[in-house]
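Written out below as structure tokens is the structure these notes cover.
For this chain, numbers begin at 1 and follow the sequence in order.
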Amino acid sequence: MEDLPACEAFYRDALGLEIAWKPDEDNVYLTNGSDNLALHRVNASGASRPQRLDHIGFVVEDERDVDRWHAHLSSLGVTIVSPPRTHRDGVRSLYCRDPDGTVVQLLHPVIGRASRTAAGGSG
């Protein structure tokens with residue numbers, strides 16, 4: 001992370017994750033009870049280089065939660081990449097950006113379960 005304090009605040013204050021462990025000012029570990037996220041400051045020596053992912057995702061309990069999160073994040077001025085929509089596999093999600101530019105998806109339900117249910121599986 002290039003701006004670790006801003007990212008820590010985003011995941012803690014905007015997304016509601018709790019700090020599980022903060023051993024020093026360059027590392028913070030957050031959790032929501034089921035998902036965990038480790039944030040590390042990128043140091044100038046290059047020993048820790050940033051990785052680029054397409055996005056990270058957090059599963060929400062209820063389909064309506066996606067819309068609730070959209071309203072909440074929008075009210076905080078968080079950059080919304082893609083507003084809530086239902087995908088062809090039945091997953092409902094939204095995408096936003098954290099302060100470092102990482103795309104974060106909030107989604108319901110778990111993708112594998114939606115695909116099996118749509119295909120007639122037991123889900």
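Atom-to-atom distance recorded for D3:CG and F10:CZ is 12.5 Å, nearest 0.5 angstrom. Between atom CD1 of residue I56 and atom CG of residue L106 there is a gap of 9.5 Å, rounded to the nearest 0.5 Å. Rounded to the nearest 0.5 angstrom, L4 CG and R41 CZ are separated by 5.0 Å. Taking CZ of R92 as the start and CG of L107 as the end, the distance is 12.0 Å to the nearest 0.5 Å. A distance of 13.0 Å separates CG of L30 from CH2 of W21, quoted to the nearest 0.5 Å. Interatomic distance, CG of L39 versus CG of D98, reported as 8.0 Å (0.5 Å rounding).
No donor-acceptor pair under 3.5 Å is formed between the side chain of D67 and the backbone N or O of H70. In terms of modelled atom types and a separation under 3.5 Å, the side chain of T86 and the main chain of G90 share no donor-acceptor contact. In this structure, D24 contributes its side chain and D26 its backbone to a donor-acceptor pair below 3.5 Å. Distance alone, capped at 3.5 Å, is enough to place a donor-acceptor pair between the S75 side chain and the H72 backbone.
When all heavy atoms of E2 and D100 are compared, the closest pair comes out as N-OD2, 2.7 Å. C96 and L73 get closest at one heavy-atom pair: SG-CD1, 3.9 Å. Shortest non-hydrogen contact noted between V66 and P84 is CG1-CB, 3.9 Å. A pairwise comparison of heavy atoms in R68 and D62 identifies NH1-OD1, 4.3 Å as the closest pair. Nearest approach of A6 to P99, heavy atoms of both residues: O-CG, 3.5 Å.
L15 and V81 are assigned to two separate hydrophobic clusters, defined by single-linkage of ILVMFWY side chains at heavy-atom distances under 4.5 Å. Hydrophobic cluster membership differs between Y29 and V42, with clusters built from Ile, Leu, Val, Met, Phe, Trp and Tyr side chains linked at under 4.5 angstrom. At a threshold of 4.5 Å between side-chain heavy atoms, the hydrophobic network of Ile, Leu, Val, Met, Phe, Trp and Tyr places L76 and Y95 in two separate groups.
With a 4.5 Å cut-off on side-chain heavy atoms, L94 and P83 do not count as touching. Between V78 and V104, every side-chain heavy-atom pair lies at or beyond the 4.5 Å cut-off.
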Original post:
Step by step, would you call L17 with R12 a side-chain contact (heavy atoms from CB on, under 4.5 Å)?
Top reply: CA-CA 5 Å; L17 277 69; R12 185 191 61 230; 5.7 Å; no
**OP:** Start with the C-alpha gap between V60 and F58, add the side-chain angles, then the distance that decides, and say whether side-chain contact (heavy atoms from CB on, under 4.5 Å) holds.
**Re:** CA-CA 7 Å; V60 298; F58 294 98; 5.7 Å; no
**OP:** Walk me through it: do V28 and Y11 pass the test side-chain contact (heavy atoms from CB on, under 4.5 Å)?
**Re:** CA-CA 11 Å; V28 62; Y11 288 102; over 6 Å; no
